[in-house]
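Notes for the one structure printed next.
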Amino acid sequence: SGEQNTVALLKENSLFGVLSFLNGYHIDQKYHAVALTSVVLESAPAISVKKAINDDTNIGLLLLQGLSNRILQTETFIESLTHKDIYSKLVNFLCILCEDFGVVGIEGITINLHLTHQDIANSIGSTRVTITRMIGEMKKLGLLTIDRKKIVIFDPSLLLKYFQLN
């Protein structure tokens, strides 16, 4: 259909892709990944991963931690999308980005990603035009700004409070 859906924004040392090798199911699911920052991508055949887990239990523990982090992020992301109105979805999404990719500075929390309005729209099931309008309104209200193509949230709790989401 040409429609894109963002299923995850990953941090450093995150796992993605087809992880069904652990339970033996074959899934023909295809992933398309876009890097918003510089990345080093590692891949490994399933047989090599299974052998590494068998040879060193620390590898299995690291894999479990990575999968647990992905599940937690996915649950948080899904919860944020259950809000009915688009303002709630956008505010919750921005707060998640503050937590996962935020850098605290003098002005507030800078989301350390170069996200376009289209990227945000794809992530929350909206349109670029709507996101542009809403971010413009939030800028006028003094809740955020854009600095060097990065979103700066002055105070996430104030953003939540303004839209009565806390």
Side-chain angles (χ1 to χ4, degrees), residues 1-20 27-43 63 65-166:
S1 70
E3 202 174 293
Q4 288 185 3
N5 293 304
T6 301
V7 296
L9 291 171
L10 304 177
K11 299 187 277 189
E12 186 176 5
N13 297 321
S14 294
L15 299 170
F16 81 97
V18 180
L19 300 172
S20 59
I27 298 175
D28 287 329
Q29 191 171 17
K30 304 292 183 206
Y31 285 87
H32 174 79
V34 177
L36 301 173
T37 62
S38 296
V39 298
V40 174
L41 182 65
E42 300 283 342
S43 66
L63 184 61
Q65 288 171 338
L67 293 171
S68 296
N69 288 338
R70 274 301 303 280
I71 290 168
L72 181 60
Q73 184 198 38
T74 301
E75 288 174 346
T76 303
F77 193 65
I78 289 169
E79 192 277 327
S80 77
L81 294 177
T82 60
H83 296 280
K84 302 244 187 279
D85 68 289
I86 200 67
Y87 274 103
S88 298
K89 288 180 182 181
L90 177 58
V91 169
N92 278 291
F93 183 67
L94 291 174
C95 288
I96 289 170
L97 293 177
C98 283
E99 278 185 39
D100 290 350
F101 300 97
V103 177
V104 178
I106 297 168
E107 284 193 346
I109 299 176
T110 300
I111 298 171
N112 199 22
L113 294 171
H114 291 280
L115 290 172
T116 66
H117 292 178
Q118 186 64 57
D119 293 330
I120 296 170
N122 290 345
S123 297
I124 65 171
S126 186
T127 65
R128 183 202 53 78
V129 172
T130 299
I131 298 304
T132 300
R133 180 180 48 78
M134 291 170 55
I135 287 178
E137 290 173 14
M138 290 177 187
K139 283 170 70 173
K140 285 180 187 172
L141 292 168
L143 298 169
L144 60 80
T145 190
I146 309 292
D147 182 31
R148 292 181 291 258
K149 297 185 179 182
K150 294 183 181 179
I151 299 171
V152 178
I153 308 291
F154 298 126
D155 181 352
S157 62
L158 186 61
L159 185 66
L160 286 167
K161 185 178 179 182
Y162 188 85
F163 291 97
Q164 299 176 352
L165 299 175
N166 52 353

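Just the heavy atoms: all of them, side chains too, but no hydrogens, waters or symmetry mates, feed the values below.
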Pairwise distance NZ(K139) to CE(M134) - rounded to 0.5 angstrom
14.5 Å
Are F154 and T145 close enough, and set up right, to give a side-chain contact (heavy atoms from CB on, under 4.5 Å), and what steps lead you there?
CA-CA 8 Å; F154 298 126; T145 190; 3.7 Å; yes
Decide side-chain contact (heavy atoms from CB on, under 4.5 Å) for I109 and V152; before the verdict, give the C-alpha distance in whole Å, the side-chain angles of both, and the deciding distance to 0.1 Å.
CA-CA 5 Å; I109 299 176; V152 178; over 6 Å; no
As an exercise, state the distance from CG of L143 to OH of Y162, rounded to the nearest 0.5 Å.
7.0 Å
Looking only at non-hydrogen atoms, find the nearest pair between R148 and H114 and report the distance.
O-CE1, 3.6 Å
Can you tell me how far apart CZ (R128) and NE2 (H117) are? Round to the nearest 0.5 Å.
8.5 Å
Exactly one of T116, I120, L115 should register a side chain to side chain contact (heavy atoms under 4.5 Å, CB included) with I131. Which one does?
I120
Between atom OG of S88 and atom CG of L160, what is the distance when rounded to the nearest 0.5 Å?
9.5 Å
Taking every heavy atom of K89 against every heavy atom of I124, the minimum-distance pair comes out as CD-O, 3.6 Å
Check the pair I135, L144 against side-chain contact (heavy atoms from CB on, under 4.5 Å), reporting the backbone distance first and the verdict last.
CA-CA 8 Å; I135 287 178; L144 60 80; 3.9 Å; yes
A side-chain contact here means heavy atoms from C-beta on lying under 4.5 Å apart; do L90 and S126 qualify?
no
Can you tell if the side chain of M138 reaches within under 4.5 Å of the side chain of L94, non-hydrogen atoms only?
yes
Among N92, N112, I111, whose side chain to side chain contact (heavy atoms under 4.5 Å, CB included) with L97 holds?
I111
Applying side-chain contact (heavy atoms from CB on, under 4.5 Å) to T132 and V129, what does each step give before you reach the verdict?
CA-CA 5 Å; T132 300; V129 172; 5.8 Å; no
Out of curiosity, T110 OG1 to I151 CD1, how far, rounded to the nearest 0.5 Å?
10.5 Å
